[in-house]
Amino acid sequence: MSRRGSIFYPRVWADSAYGLPYGHMVEKGVQGLIFDVDNTLALHDAPADEKAVALFAYFRELGLKTCLLSNNKEPRVKAFAQAVGAHYVFKGGKPGVKGYNKSMELMGTDQKHTVAVGDQLFTDILGANRAGIYSILVTPIDPREEIQIVLKRYLERPILRAYQKRHPGEPVVTDKARINRSRQMGDSMGEDNGDRSQTQMG
């Protein structure tokens, strides 16, 4: 169960995957990052753009391993992974844990040294929490989504409202995170949190 009190709760909620304090994560012992693709790193079915390519180049500079974990089919996930230079797992079966375990196997990391980032509670966050991985929820890039995902968003709303009541400072605005909030996000990685102690990062 999440430190925050629900298996559906992320450890941190931020507004984007592109401004998270990755350097601070490395300082806390993070070695690998697992990312969802659609609406986390890019619009649905959009190719990797310069921003995504630059982000993954930055990860390599930091010495971080990366893996894309998606429930989408291989052509979509493989093309994006090749563009950014990451491992990938397609048809990942999220929120099942098999895809997360495969991702860590490909990266050569374990639960204690891995962070998962995604935009959906019922797939990305639930799956990461079940796998014992530190989970970060990001706000979807584009609110216009396929109908089946729109229905999931309606179900997410009461959970996110309850989460925000407990954590009114979230979602973290990432263009300020490195200055104002990175210590909060990073320090939470090192906390002893009972049922989720396996996700400690320090």
Side-chain angles (χ1 to χ4, degrees), residues 2-4 9-70 80-81 83-88 103 107 109 113-121 123-125 127-129 133-145 149 153 156 160 163-164 166-191 199-202:
S2 169
R3 169 178 71 90
R4 304 270 182 152
Y9 284 3
R11 297 291 297 278
V12 174
W13 180 12
D15 70 343
S16 173
Y18 284 91
L20 294 171
Y22 295 108
H24 194 64
M25 292 183 193
V26 172
E27 293 175 5
K28 287 289 184 177
V30 176
Q31 299 172 0
L33 301 170
I34 298 173
F35 284 94
D36 177 51
V37 180
D38 291 318
N39 242 350
T40 294
L41 295 171
L43 297 174
H44 276 281
D45 294 325
D49 58 15
E50 292 181 1
K51 188 177 181 180
V53 172
L55 181 65
F56 280 75
Y58 174 57
F59 295 152
R60 288 189 287 275
E61 290 177 7
L62 291 175
L64 285 166
K65 304 295 185 181
T66 55
C67 187
L68 306 182
L69 173 59
S70 174
F80 202 100
V84 299
H87 297 290
Y88 71 94
S103 296
M107 295 188 294
T109 63
H113 303 94
T114 303
V115 168
V117 183
D119 69 288
Q120 293 192 52
L121 287 182
T123 52
D124 305 311
I125 302 306
N129 288 344
I133 299 171
Y134 190 100
S135 59
I136 298 179
L137 176 70
V138 293
T139 302
I141 293 174
D142 189 349
R144 296 169 297 179
E145 298 177 294
I149 298 177
R153 298 298 184 195
E156 287 181 352
L160 291 175
Y163 177 90
Q164 283 186 301
R166 298 181 62 179
H167 312 286
E170 297 184 20
V172 175
V173 179
T174 53
D175 63 355
K176 299 177 182 177
R178 285 167 289 185
I179 299 172
N180 299 326
R181 299 300 294 279
S182 62
R183 183 168 182 81
Q184 174 187 323
M185 295 174 72
D187 285 352
S188 69
M189 293 179 180
E191 292 176 2
T199 63
Q200 294 176 33
M201 298 296 170

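Since this is a predicted model, take the numbers as computed values, not measurements. The basis for the numbers below is simple: all heavy atoms, side chains too, and nothing from hydrogens, waters or symmetry mates.
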- request: Rounded to the nearest 0.5 Å, what's the gap from CD1 on I34 to OG1 on T109? Could you check?
  value: 6.5 Å
task: State the CG-CG distance between D119 and D124, to the nearest 0.5 angstrom.
output: 5.5 Å
- request: Report the distance from atom NE2 of H87 to atom OG1 of T66, rounding to the nearest 0.5 Å.
  value: 7.0 Å
- request: Just jot down the ring-ring contact (aromatic ring centres under 6.0 Å, His included) partners of Y22, sequence neighbours excluded, or say none.
  value: F59
task: List the atom of N129, the atom of S135, and the distance in Å for their closest heavy-atom pair.
output: OD1-OG, 2.9 Å
message: Assess, by modelled atom type and distance only, whether the side chains of D15 and T174 contain a donor and an acceptor separated by less than 3.5 Å.
response: yes
- line: Output for pair (D36 CG, L69 CG), nearest 0.5 Å, gives 7.5 Å
- prompt: When rounded to the nearest 0.5 angstrom, what distance separates CD in Q31 from CE in M25?
  reply: 14.0 Å
- request: Of all the heavy-atom pairs spanning A14 and L20, show the shortest one and how long it is.
  value: CB-CD2, 3.6 Å
Contacts of type side-chain hydrogen bond (donor to acceptor under 3.5 Å, both in side chains), residue S103, not counting sequence neighbours: none
message: Quick check against the 3.5 Å criterion: does Q164 have a side-chain atom that pairs as donor or acceptor with the backbone of E170?
response: yes
statement: Scanning both residues in full, the closest heavy-atom pair of A52 with F80 reads CB-CZ, 4.1 Å
- prompt: Would a 4.5 Å heavy-atom cut-off, applied to side chains only, mark Y134 and V12 as touching?
  reply: yes
field: Atom pair CG/OH of L121 and Y9 - distance to nearest 0.5 Å
entry: 9.5 Å
- prompt: For the residue pair V37 and S70, what are the closest heavy atoms and their distance?
  reply: CG2-CB, 4.4 Å
task: Please name the pair of heavy atoms, one in T40 and one in Y18, separated by the smallest distance, quoted to 0.1 Å.
output: O-CE1, 4.2 Å
V84 vs L41, side chain to side chain contact (heavy atoms under 4.5 Å, CB included): CA-CA, chis, key distance, verdict: CA-CA 11 Å; V84 299; L41 295 171; over 6 Å; no
query: Are L160 and W13 close enough, and set up right, to give a side chain to side chain contact (heavy atoms under 4.5 Å, CB included), and what steps lead you there?
result: CA-CA 10 Å; L160 291 175; W13 180 12; 4.1 Å; yes
query: Okay, side chain of N39, backbone of D142: is any donor-acceptor separation there less than 3.5 Å?
result: yes
task: Identify the two heavy atoms, one from I125 and one from G118, that lie closest to each other, and give their separation to 0.1 Å.
output: CD1-O, 4.4 Å
